[in-house]
Amino acid sequence: MTRRSVMAATVLAVTVAAWPAAAQQWQLGGQLGAGSGLEGGDPGTGETIFRRARTRIQVGLDARVDETPELGYGFLGFAEVEPHVGVGAELRLSRRFGTRVSGFVGGIGVLAPHTLVGGSFGIQLLIPADSDGSSWFVEPAFAALPLGTDLPGDKVLFWGTLTMGMHVEL
Amino acid sequence: MWNSDATGAWLLALAVASALAAAGCTAAEVGTCLRHSDCGSGRVCSDGTCVTQSHAPPADVDASSTADAAAVEAGDGGDGAPQAEAATGEASEIDSSEAGAGDSDAAADMDADVEAAPGFDAQDDAAPDGS
């Protein structure tokens, strides 16, 4: 499991590190959203259980190169706000399918008060809100977190979340 | 374009939700924890329940070499002595003739050790905070 995590992180890092040439332009976007969903795992009883995930607020920045606008990179920070608090971050590699839908894969982790590390994937639907490039977004996502000090044992924690908010072109 | 994209996305979300349901997963009972941070300060999640965090067990002290433990065995320590006998096998091996009689302070110390000993650590507490 650790080897796979390292491989995934390496692929993501190498991909993100591919800086554009001088003639290329970044297309930046930002987003603010809130969401929740389901959190599941085996607490050590041998049975997988699910419950409501913590409500979270996330703020993100995404970047695309104009020559390949279908590919994007994203960095998000999030805060779990209830019923317990925590902060975390996510790195994403995304690809647009059409004009309003994109899919992403990435690495996600909770940084405090305990740590969780894993991978995530999901899709983002953009619903135009204004002509200036702002859109509402709906984002179903899934994450598996096998590492970290927040886990009671050698188990994997799963998140299935739905986040909604606003995305703007910067 | 938009309609077909959106429809596909929602179908994917529905498929994920259906897969979870089909996997035979059950809803967590109220009070079940999945993460240590579900529990309050000083408690950890163990087998889905928040328990008082275990303190490090006392150092490997040979009770037979300490007058404190012997005093407990001798019964001079009051209420703490019977607990010590029940909790530690080492204490029961102490010859009471070696005990320093009247050492009530020592007995109190042993009582504190017993509370920190394994077996007294993991006590089921209340449900996870706020969940």
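Protein chains get the first letters and strands the later ones, always in sequence-line order, with residue 1 at the start of each. Below, each value reflects all heavy atoms present in this structure, side chains not excepted, and no hydrogens, waters or symmetry copies. Not measured: the values here are computed from a predicted model.
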> Could you have a look at A/Leu116, A/Asp150, A/Leu157 and say which one has the most heavy-atom pairs with chain B under 4.5 angstrom?
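So the answer, after comparing A/Leu116, A/Asp150, A/Leu157, is A/Asp150.
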
> Quick check: is A/Val87 connected to A/Leu76 through a chain of hydrophobic side chains (ILVMFWY, heavy atoms under 4.5 Å apart)?
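No, separate clusters.
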
> So that I can confirm a possible disulfide, could you see if the SG-SG distance for B/Cys39 and B/Cys45 falls below 2.5 Å?
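No disulfide here.
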
> Answer with side chain, backbone, both or neither: which region of A/Glu39 has an atom nearer than 4.5 Å to a non-hydrogen atom of chain B?
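When you check distances to chain B, atoms from both the backbone and side chain of A/Glu39 fall under 4.5 Å.
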
> Using the rule that two of Ile, Leu, Val, Met, Phe, Trp, Tyr join whenever any of their side-chain heavy atoms come within less than 4.5 Å, decide whether A/Ile49 and A/Trp159 are in one cluster.
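Same cluster.
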
> Can you say whether A/Arg54 sits under 4.5 Å from chain B via the side chain, the backbone, both, or neither, judging by heavy atoms?
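Contact with chain B involves the side chain of A/Arg54 alone.
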
> So which of A/Thr45, A/Leu151, A/Val85 has the biggest tally of heavy-atom pairs under 4.5 Å with chain B?
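Max contact count across the listed options: A/Leu151.
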
> Which of parallel (below 30°), tilted (30 to 60°) and perpendicular (above 60°) describes A/Phe121 and A/Phe142?
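It falls in the tilted class, 30° to 60°.
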
